[in-house]
Structures are given as structure tokens and as C-alpha cells.
Amino acid sequence: MASNYSADQIQVLEGLEPVRKRPGMYIGTTGPRGLHHLVYEVVDNSIDEALAGYCTHIEVELNADGSVSVADDGRGIPTGVHPTTGKSALETVMTVLHAGGKFGGGGYKVSGGLHGVGVSVVNALSTWVTVTVRRDQNIYTQRYEKGDPVSGLETVPDPQQEFTGTSLTFLPDNTIFTETVEFEYNTLSGRLRELGYLNAGVKITFGDRRLDPPRVETYCYEGGIKEYVAYMTRDKEPLHTDIIYVEGERDGVTVEVALQWCIDSYSDNILGFANNIRTIDGGTHLEGLKAVLTRTMNNVARKRNKIKDNEANLGGENVREGLTAVISVKVPDPEFEGQTKTKLGNSEVRGIVDSLVGEVLNEYLEFNPAVADTIIEKAVQSFKAAEAARRARELVRRKSVLESSPLPGKLADCSSRDPKESEIFIVEGDSAGGSAKQGRDRRIQAILPLRGKILNIEKTDDAKIYKNNEIQALITALGLGIRGEDFNPAQLRYHNIIIMTDADVDGAHIRTLLLTFFFRYQRDLIDQGYVYIACPPLYKLERGRNHQYLYSDRELAQAIREFPDNANYTIQRFKGLGEMMPQQLWDTTMNPESRMLKKVEIEDAAEADRIFTVLMGDKVAPRREFIETEGPKLNLDQLDI
């Protein structure tokens with residue numbers, strides 16, 4: 001019998017109800033990333049006050065009861081009665097979606113909180129929120145629970161009448177954030193440090209009151225993004241001592257760029273920000289920067305006779321080799337693509353960045369010809385290496401019997417040609433490769449076995465990279481282009497790239513080498529969520545006819561504790577994937593229905609860059625210092641030696 005579908009079944013969600021019903025639409029996820037996003041939403045409001053010129057100090061505190069407090073010395077949220085809602089402006093901002101001072105009307109010139117859902121979403125997803133506003137020589141306070149006000153706006157005269165600002169404390173709702181409501185200090189400190197660099201002169205104090213004594217850090221950088229680039233290159237060897245800095249404003253758009261090339265780096269690391277939001281997927285500001293760098297360097301190279309008239313221009317990827325850069329634009333009416341705001345769409349920004357950077361860069365290189373020559377020589381070397389590799393690849397393709405398939409011989413490909421459903425497992429050695437090939441779903445799963453440890457590309461130039469057989473196999477199997485070229489997802493052959501290595505020291509090393517390859521060769525693979533790590537079990541525990549697979553020593557101890565005292569059982573420790581039967585490997589690690597995968601994500605781009613430089617670079621001293629500092633924190637019982 002068909003069920004009735006009538007008008008009274010149409011639901012209208014009012015107020016903040018839709019946020020509690022579908023929180024993922026507003027904060028992306030209810031996992032740890034969404035939880036930390038709540039703090040960013042509140043802090044972004046304070047940063048917007050700073051951008052407007054009214055705030056100099058922001059305090060963020062993690063409290064012992066699990067709540068977070070954010071206070072600033074801005075103008076304070078208005079408290080007068082709002083003409084449309086009939087409630088105070090404070091209550092309107094806290095309880096109405098798309099309410100705020102950022103949609104025109106002169107409250108803010110530039111702001112990162114474009115969608116106007118910021119603080120009201122935090123209110124909706126918290127067990128309780130208290131807001132204190134100091135303005136008009138009064139102190140106003142109001143408390144909310146699960147999005148609803150539970151007290152009126154209480155007003156008392158302010159004894160210290162010269163101060164203004166807003167202080168907001170919230171406790172995340174554990175019925176919505178079911179995975180965890182515990183804030184990670186390092187995740188928040190990475191973002192707050194980033195905001196400190198992007199907003200020169202704004203002081204951000206971050207305290208963790210959950211510890212005794214409390215841990216407090218202050219981020220205040222008068223040098224702004226110049227200091228950010230210096231922070232990222234501090235373990236590298238700079239090619240020029242002065243960081244090239246561009247600052248300018250045109251048509252209301254403010255542009256800041258800091259550039260530094262390094263001798264001992266063979267990939268580029270460019271961080272783009274629009275209104276303080278990191279644009280992981282790029283956008284017009286980054287397109288403008290890349291275009292002007294390529295054009296300017298080619299013009300200077302021809303002027304200085306470093307490229308002959310009959311020679312081809314240097315590619316963008318060659319010019320950017322070894323470059324660390326930060327570009328930060330402030331746009332009055334930003335057009336972000338998607339709710340997550342990770343790609344800037346304003347077309348006018350491209351031309352503004354191009355002209356402003358072009359003027360300053362030309363002038364700098366004219367007055368510093370030695371620096372220009374060194375950058376161009378590095379780019380020419382990169383160009384020659386890429387050309388040699390391209391020619392070698394063309395030669396291999398021509399020699400291939402199967403003209404249409406220059407794929408590596410050891411790749412066991414899948415039959416599906418749809419990258420969205422296809423996945424590739426990168427495994428170590430032929431024994432693991434054999435089990436994986438037999439156990440896989442041939443329709444959607446491809447297997448690429450690698451022989452031994454791949455090249456560490458952190459300390460290798462392009463010429464060696466392209467000659468290495470294992471790296472060549474990886475590049476061709478995945479459908480990656482030349483290193484440094486703009487990433488084109490349409491050419492990617494698999495949308496799930498899964499690193500599947502043994503659970504021992506060698507396996508961990510190979511996994512690190514592969515992550516170094518992805519991070520330095522084509523970081524967009526990680527940024528856009530294509531790279532995963534497989535989690536094979538460590539143990540098989542058998543008792544009678546029953547067995548279970550366990551993924552850690554803790555799980556094993558827990559399972560054994562549940563057996564009676566006199567129980568007979570056997571434990572099998574999997575040292576390598578090759579020891580597992582194909583069916584076992586499928587059941588535990590490869591079956592999409594039952595497996596566990598770790599997605600590789602970058603929370604703090606600058607810190608990730610530094611760690612790869614320290615651990616995988618060719619300077620020994622920083623690595624030794626890292627081991628001496630971090631070594632004592634290890635639990636030696638957990639070392640697999």
C-alpha cells in the first residue's frame with residue numbers, strides 16, 4: 001500500500017533547528033575537524049574586527065571543563081534593538097542564520113566569515129554559550145543553551161569605562177560531536193600562529209588551562225608574512241638573503257606576497273590565503289602569481305642572455321623550483337567556490353596580483369642582478385632535467401610494443417576505466433604484491449608492487465628522479481605529469497591511492513618515503529584527499545573455531561582479558577603482508593565494506609613542510625636536534641626493534 005504524502009509532511013526548520021539537524025552542511029563534519037572549526041568561526045569574527053582596525057589583542061583559552069573562551073578588544077557586538085527582529089542585535093547575531101555586519105551596510109570592509117552563519121552555528125552546536133560584551137560604558141551578558149537564549153540581556157555599568165570588546169565561551173554539544181569533544185592543542189596553535197603571521201601586529205594569546213601549570217603561547221609578528229616565509233625556510237639554505245616582499249592595494253583589493261628561493265629545495269611550497277582563509281584548491285590570486293613569476297623570469301632571462309633566442313621559454317614549474325611563498329589577499333566581496341571556501345573565484349584579483357607583483361619583482365631583479373642570475377640558473381637546470389626526462393619517456397613509449405599502453409609492466413591494473421571508483425594499492429615487494437593481486441577485486445582495484453625503498457626525493461634533483469625506475473612506475477601508473485605542473489584531476493587514473501606497507505620499521509620507512517614523494521612531487525593529491533594509508537592487522541587471535549583480527553597491542557590485550565583464565569588460544573603475529581593468505585588480506589585490509597583506511601590530511605601546512613625538510617632533507621644537524629628533543633618523549637616499549 002502506498003503511504004500518503006501530504007502537505008503536513010513537509011517540514012519547515014526554523015531558527016537554528018536546521019543546523020542541529022544537518023550540522024555537516026555548516027561545518028563540513030562532526031568529527032575533530034568540525035569541532036575545531038567552531039573555534040575558528042569565533043576567532044574569525046575577532047580577526048575581522050582587527051582587519052577593520054578596531055582590535056589589537058585576541059585571547060583564546062581552553063578551559064578545564066572542556067569549554068573554550070575567545071575574547072577580543074574590538075568594538076563589541078552591538079546590543080541595541082534590531083529593527084527587523086525586534087530582539088537585541090546581540091541575540092539576533094547569536095540566533096539567526098545569515099545575520100551579521102558583513103553583508104554590506106558599512107560594518108566591515110573585508111571579512112573572512114562570508115556566509116554569515118559563523119557564531120550562530122557555534123551557538124546551535126553547543127550545550128551552552130555565554131557572551132559578554134563591553135561597549136557604551138556598560139557590560140552586557142547573555143546565556144544560551146543549544147541555540148536558545150535562557151536569560152535576557154543583563155546590563156550592568158562598566159567600572160572600567162575605557163574598555164570595549166566581546167568575550168564568548170562555549171561548550172561543544174557531545175550529542176552532536178559524538179566522536180570527541182576534546183580540543184587538540186597543536187591543531188589550534190597551528191591555525192592561530194598562521195593568523196598571527198597573516199595579520200601583522202595583531203597579538204594572539206593562546207592558553208591551555210586544562211594543564212597545571214597552564215601552557216600559554218603568544219603569537220605576534222610585526223613582520224607578518226615575511227616572518228612566515230622565514231619560519232618555513234629556517235631549516236633550508238636560502239638563495240638570497242632578503243625575502244622579496246610585495247604589498248599594495250588596487251580597487252579595494254589588498255595584496256601581500258613574500259617570496260624566497262632556496263638552494264637545497266627542489267619543489268615549490270606556495271601557500272595562498274584569501275581574507276585569512278587558506279585556499280587549498282587555489283584560485284585566481286595563485287593563478288595571477290604563477291603567471292607573473294613565469295613571465296617576469298623569462299623576460300629577465302632573455303634580457304640577461306641566459307636563454308637564447310632559439311630556445312624555448314622556461315616553464316612555470318622550472319621557475320618555481322625551490323620557491324617558498326605566501327600570498328595573502330583581502331577582497332571586499334570574495335567569491336569562494338563551495339561552502340568550505342577553499343578556492344577563490346574573483347576574476348579581477350588575477351590581474352591585480354599580476355600587475356602589483358610584476359612591478360616590484362622587476363624592480364628587485366634589476367637592482368639585484370646576482371640574485372636574478374642564481375634563480376634563473378636553478379630554473380634552467382630544472383628545465384633541462386625535465387626535458388631530458390620527457391625525451392627519455394617518449395623514447396620508452398616509441399619502443400613499447402603496445403603503443404597505446406606505456407604503463408609499467410609490474411602494474412596489475414583494474415578493468416574499470418572510471419577513476420572515481422578505481423583504487424590503486426602501492427605495496428612493498430613481490431610477495432605482498434602476489435597476495436594482493438590474488439585477493440583484490442579485479443574490477444576496481446589495481447596493484448603496484450615496488451622493489452625495495454624508493455628514492456628520497458626531498459634531497460634529489462629532477463634528473464635523478466626521472467631516471468629512477470620505481471618513481472617512473474609511480475608517475476606513469478597514477479597518471480601524474482611533470483613535477484611542479486598544475487595538478488589536473490582529469491588525468492589522475494585512480495581517485496583512491498592507498499599505501500599498503502608492512503607493520504614494521506622498514507614498512508614505516510617506505511610509507512614515509514612515499515608520503516615525501518606525494519608531498520613534494522604533487523601535493524595537491526594530499527590536499528584534495530586522494531591519498532590513504534591501509535591499516536593491515538598486526539595479530540590473528542584464534543580460539544577453537546573462532547578467530548579475530550586485531551590492529552594494536554592494546555586491542556590484543558583487551559581481547560585476551562575477555563577470555564576465561566584457563567582458555568587455550570593461539571596468536572599469529574603478521575610481520576609482513578606477504579605472510580597473509582589472499583583471502584585474509586581481502587577480508588582485513590582491502591574489502592571496502594570492512595577495511596579501515598587512514599586519510600592523509602595536512603592541518604598545518606608550514607609545520608608539515610618543516611618536518612619533511614628536517615627529517616628527509618640532507619642536513620644532518622637539524623635531524624639530530626629533532627631526535628634529541630623528541631626522543632625522550634618516546635615510550636621505548638613500543639619501538640619495533
Side-chain angles (χ1 to χ4, degrees), residues 16 18-47 60 62 66-68 70 112-115 117-127 129 168 170-195 198 204 206 208 210 271-282 336-344 495-498 515 518-519 523-533 535 596-609 611:
L16 297 177
V19 185
R20 292 185 63 81
K21 203 95 166 167
R22 297 275 184 277
M25 282 173 61
Y26 298 88
I27 55 165
T29 163
T30 53
R33 178 170 278 197
L35 178 74
H36 292 85
H37 190 83
L38 296 184
V39 182
Y40 306 153
E41 286 285 4
V42 183
V43 172
D44 280 349
N45 285 340
S46 299
I47 289 287
V60 181
L62 302 177
S67 66
V68 181
V70 179
L114 166 75
H115 295 287
V117 294
V119 77
S120 55
V121 165
V122 176
N123 188 17
L125 302 180
S126 298
T127 304
V129 174
L168 187 145
F170 69 93
L171 180 73
D173 189 342
N174 58 10
T175 62
I176 284 167
F177 298 97
T178 49
E179 197 177 320
T180 180
V181 286
E182 193 166 325
F183 290 96
E184 191 68 47
Y185 186 89
N186 290 341
T187 302
L188 290 172
S189 73
R191 172 63 179 156
L192 294 174
R193 186 188 298 111
E194 192 173 77
L195 287 169
L198 292 168
I204 299 175
F206 181 35
D208 190 348
R210 300 173 299 183
L271 300 185
F273 297 89
N275 296 4
N276 290 322
I277 293 159
R278 180 153 171 250
T279 46
I280 293 167
D281 297 332
F336 289 107
E337 294 180 13
Q339 172 71 28
T340 49
K341 307 183 195 175
T342 51
K343 188 171 186 178
L344 184 69
H495 279 196
N496 284 357
I497 299 165
I498 302 165
L515 287 172
F518 290 128
F519 186 81
R523 194 167 96 192
D524 285 337
L525 285 176
I526 297 176
D527 281 339
Q528 296 184 26
Y530 292 118
V531 181
Y532 297 84
I533 294 171
C535 301
M596 183 164 65
L597 293 179
K598 290 178 183 169
K599 189 175 191 175
V600 181
E601 293 180 334
I602 300 169
E603 285 288 350
D604 183 343
E607 185 59 14
D609 182 77
I611 289 291

Quiz item: How close do F183 and G66 get, heavy atom to heavy atom, and via which atoms?
Solution: CE1-O, 3.8 Å

Self-check item: side-chain contact (heavy atoms from CB on, under 4.5 Å) assessment of L168 paired with V129
Solution: CA-CA 7 Å; L168 187 145; V129 174; 4.0 Å; yes

Exercise. Return the minimal non-hydrogen interatomic distance between R20 and A124, and the atom names on each side.
Key: NH1-O, 2.7 Å

Exercise. Measure the spacing between CG of N123 and CG of L38 and express it to the nearest 0.5 Å.
Key: 11.0 Å

Exercise. Kindly give the heavy-atom pair with the smallest separation between G31 and T29, and that separation in Å.
Key: N-OG1, 2.8 Å

Quiz item: Does some side-chain heavy atom of F177 sit less than 4.5 Å from a side-chain heavy atom of L125?
Solution: yes

Quiz prompt | F519 side chain reached by I602 side chain, heavy atoms, under 4.5 Å | solution = yes

Quiz item: Just by modelled atom types, is the G272 backbone N or O under 3.5 Å from a matching donor or acceptor in the T279 side chain?
Solution: yes

Quiz item: Is the closest side-chain heavy-atom distance between D524 and Y530 below 4.5 Å?
Solution: no

Quiz item: Run the side-chain contact (heavy atoms from CB on, under 4.5 Å) check on R210 and E182 step by step: do they pass?
Solution: CA-CA 11 Å; R210 300 173 299 183; E182 193 166 325; 3.8 Å; yes

Exercise. Measure across V122 and S126 and return the closest heavy-atom pair with its distance rounded to 0.1 Å.
Key: O-OG, 2.6 Å

Exercise. Give, for atom CD1 of I498 and atom CG of L597, the distance between the pair rounded to the nearest 0.5 Å.
Key: 5.0 Å

Quiz item: Which distance, rounded to the nearest 0.5 Å, do you find between the CZ of R33 and the CD of E179?
Solution: 12.5 Å

Quiz item: Hey, does D604 have a side-chain heavy atom less than 4.5 Å from the side chain of R193?
Solution: yes

Practice problem: Could you check if a side-chain atom of H36 sits within less than 4.5 angstrom of a side-chain atom of R191, using non-hydrogen atoms only? | Solution: no

Exercise. List the steps, then state whether side-chain contact (heavy atoms from CB on, under 4.5 Å) holds for L344 with N275.
Key: CA-CA 10 Å; L344 184 69; N275 296 4; over 6 Å; no

Quiz item: Which distance, rounded to the nearest 0.5 Å, do you find between the CD of E194 and the CD of E607?
Solution: 12.0 Å

Exercise. Evaluate the side-chain proximity of Y26 to P18: yes if any heavy-atom separation is below 4.5 Å, no if none is.
Key: yes

Self-check item: Nearest-0.5 Å distance, CZ of residue R278 to CZ of residue F273
Solution: 6.0 Å

Practice problem: Would you mind reporting whether V60 and L188 have side-chain heavy atoms less than 4.5 Å apart? | Solution: no

Exercise. With rounding to the nearest 0.5 Å, note down the distance linking CG in L62 to OH in Y185.
Key: 8.0 Å

Quiz item: Do I47 and L198 touch side chain to side chain, with heavy atoms closer than 4.5 Å?
Solution: no

Practice problem: Could you pull out the closest heavy-atom pair between T127 and P172, with the gap in Å? | Solution: OG1-O, 3.5 Å

Self-check item: Contact summary for L525 and I497, nearest pair of heavy atoms
Solution: CD2-CD1, 4.0 Å

